[in-house]
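Data first, discussion second: the structure below is written as C-alpha cells.
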Amino acid sequence: MGRVYNFSAGPSMLPEEVLKKAAEQMTDYEGCGMSVMEMSHRSAEYEAIIQRAESLLRELMNIPDNYKVLFLQGGASSQFAMIPLNLMTKSKKADYVITGQWAKKAASEAAKYGCVNKVASSDDKTFSYIPKLDPSTFDKDADYFHITLNNTIYGTRYTTLPQTGDVPLVADISSIALSEPIDVTKFGLLYAGAQKNMGPAGVTIVIIRDDLIGGAMEGTPTMFDYKIHADNGSMYNTPPTYAIYMCMLVFEWLKNLGGVNAMYEINQKKAKILYDYLDSSSIFRGTVVKEDRSLMNVPFVTDSDDLNAKFIKEAKARGFVNLKGHRTVGGMRASIYNAMPVEGVQALVDFMKEFEENNK
Ligand SMILES: *Cc1c(COP(=O)(O)O)cnc(C)c1O
C-alpha cells in the first residue's frame, strides 16, 4: 500500500525523506556496524548526534547562548509539573491563560505547588477563540506567566504575545514549534513534546533561559530538576536516543528546505487553501474565530453528526486518514504540520468539494 495523507494531531506524519534516511541507516549508522538504537549514549558517535540535533535546533530557532536546550522525557505533560517545581518558588504564584484542555491540565498541575491565577479563559465558547488579555489582571509578583501558544485540540493560536514585563513568559509550543518563527528572547521557557512537529514521541524539548535554572523547590525529584539535566547535557540518565536522532533528521530536512521562514510560507499557503475553502463551502465550516485560527490544526464541522461520520469514513477510504475531531469539538480536524505537503492539503480540499457536490 502507498502512503496515505495522515492528518493526525500527534503522533503525526513525518517527512518521507526522513523516514527513508532512517530506514537506510537502520542497521548500520554511518559505518558503525550498528543501529543508533543500539549505541551507548556515551559513545562518540552518539555524542555527535545529540550535539548536531542541538546545534541544528539552535540555528533553526535562533536560540541565544543564554538559553539551554534540554532533551527530556515524560512528554509535555511532565512539564506541567516540572515548570512549577522549578519556577514557582519565589512568590509561589503563577498566571495561566486557559485556552483549552492542555492549558487546563497545566494549570491544575501547577495548583498542586502554588497559587494559580487564571487570568482569562475561552471555556465559555468551547475554546474557539483566544481571550483578549487585560494586563491589569496580571499578577506583577507572579513567578511566571503560562500560555499554550497553539491549541492543538481547538485550533487556535496566539498572534500577539501578552506583555508580561519582568515576569517570565512560559509557553507550551508542542504543536507550533518550527512551523513559524518564534522570538525565543520573548520567553523564559519554551517546551514541546516532539511528536507533533519535531519528530517521534518519546522526547520533550525544553528551551530555558539560564537564570531560571537552579531554583527548584525542596523535594523536587532529581529527574524533575532542570539544573540536573542542564549540568549533564541532557545525559544525566539515558536520554531517548533514537527519538533525538529522528529529530536531528527532521531538523536537517527543515534546514535543507530553507529553515523556519521558508516553512512558514508553505504553512501559510497550506492553511489558506483549507480555510478559503471552508469559508466558501455550503456544508463545511471552521469552528474558530478567523483572527485566531491555527495554521497547524484546523477543526471543521458540518451541521449533522451523520454527515460528519460519512465524510470521515469516505475520506479514509480515499487515503485521507485521522480526520476525526476531538470529542469535545466533534466533527473533523485536519492537522497540517510541517511534514504535510501542499499537495496533501490540496487533495483533501478537492475531495471535500466532491463530497459537498454529492451531499448538498
Ligand atoms: C499533545 C500536547 C500535549 C501533551 O503532550 P504529551 O507529550 O502527550 O504529554 C501538551 N500540550 C499540547 C499543546 C499538545 O499539543
Side-chain angles (χ1 to χ4, degrees), residues 6-14 70-85 94 96-110 112 116 121-123 126-131 144-159 161 169-180 182 187 189-208 223-224 229 234 239-240 242-244 246-247 250 267 288 292-299 322 324-329 333-340:
N6 178 8
F7 294 92
S8 171
S12 47
M13 78 182 277
L14 288 163
L70 307 176
F71 296 97
L72 306 180
Q73 298 185 63
S77 300
S78 291
Q79 293 308 309
F80 298 165
M82 202 162 170
I83 289 160
L85 280 167
Y96 277 75
V97 183
I98 310 300
T99 51
Q101 304 277 354
W102 299 120
K104 245 188 189 166
K105 284 189 176 163
S108 59
E109 196 67 15
K112 293 180 179 174
V116 166
S121 168
S122 47
D123 199 5
T126 327
F127 302 114
S128 57
Y129 68 102
I130 298 287
Y144 62 92
F145 189 110
H146 182 281
I147 59 172
T148 311
L149 198 58
N150 183 79
N151 295 280
T152 323
I153 295 174
Y154 300 97
T156 60
R157 68 156 179 163
Y158 287 78
T159 49
L161 296 176
L169 187 57
V170 170
D172 181 347
I173 57 165
S174 294
S175 50
I176 193 170
L178 300 177
S179 71
E180 63 176 64
I182 292 175
F187 299 86
L189 188 155
L190 294 163
Y191 66 100
Q195 71 274 19
K196 309 286 163 63
N197 218 6
M198 292 190 164
V203 59
T204 310
I205 291 171
V206 172
I207 300 162
I208 179 170
M223 281 294 288
F224 271 56
H229 297 286
S234 301
Y242 198 76
I244 294 168
M246 287 296 292
C247 288
V250 171
N267 286 334
V288 167
D292 299 328
R293 284 170 164 177
S294 168
L295 300 181
M296 295 287 101
N297 311 97
V298 183
N322 287 319
K324 195 170 182 343
H326 191 267
R327 68 196 142 72
T328 58
V329 184
R333 171 179 48 171
S335 294
I336 50 175
Y337 295 119
N338 288 355
M340 175 60 66

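When a ligand or atom number is given, it counts from 1 through the structure's own listing order.
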Could you say whether the N/O atoms of Lys196 and ligand 1 ever approach to under 3.5 Å?
-> yes
Answer yes or no: does an N/O atom from Thr148 fall short of 3.5 Å to an N/O atom of ligand 1?
-> no
I'd like to know if the side chain of [X] pairs up with that of [Y] as donor and acceptor (distance under 3.5 Å, no hydrogens or angles considered).
X: Tyr154; Y: Thr328; value: yes
X: Thr152; Y: Asn297; value: no
X: Ser179; Y: Asn338; value: no

Determine the sole option in Ile98, Thr99, Asp292 for which the side chain to side chain contact (heavy atoms under 4.5 Å, CB included) test with Pro131 is passed.
-> Thr99
For atom 11 (N) of ligand 1, the protein heavy atom that lies nearest, with its residue and separation | Asp172 OD2, 2.6 Å
Write out the residue and atom name of the closest protein heavy atom to atom 8 (O) of ligand 1, then the distance separating them to 0.1 Å.
-> Gln195 NE2, 3.5 Å
Between His146 and Tyr96, how do the two ring planes meet: parallel, tilted or perpendicular, split at 30° and 60°?
-> parallel
Should the pair Phe80 and Trp102 be assigned to parallel (<30°), tilted (30 to 60°) or perpendicular (>60°) ring geometry?
-> tilted
Just jot down the ligand 1 atoms closer than 4.0 angstrom to any heavy atom of Thr152, in number order.
-> 12 (C), 13 (C), 14 (C), 15 (O)
Close-contact set for ligand 1 against Ser77 heavy atoms, below 4.0 Å | 4 (C), 6 (P), 9 (O)
Kindly identify the option in Ala9, Ser78, Ala76 whose heavy atom sits closest to atom 6 (P) of ligand 1.
-> Ala76
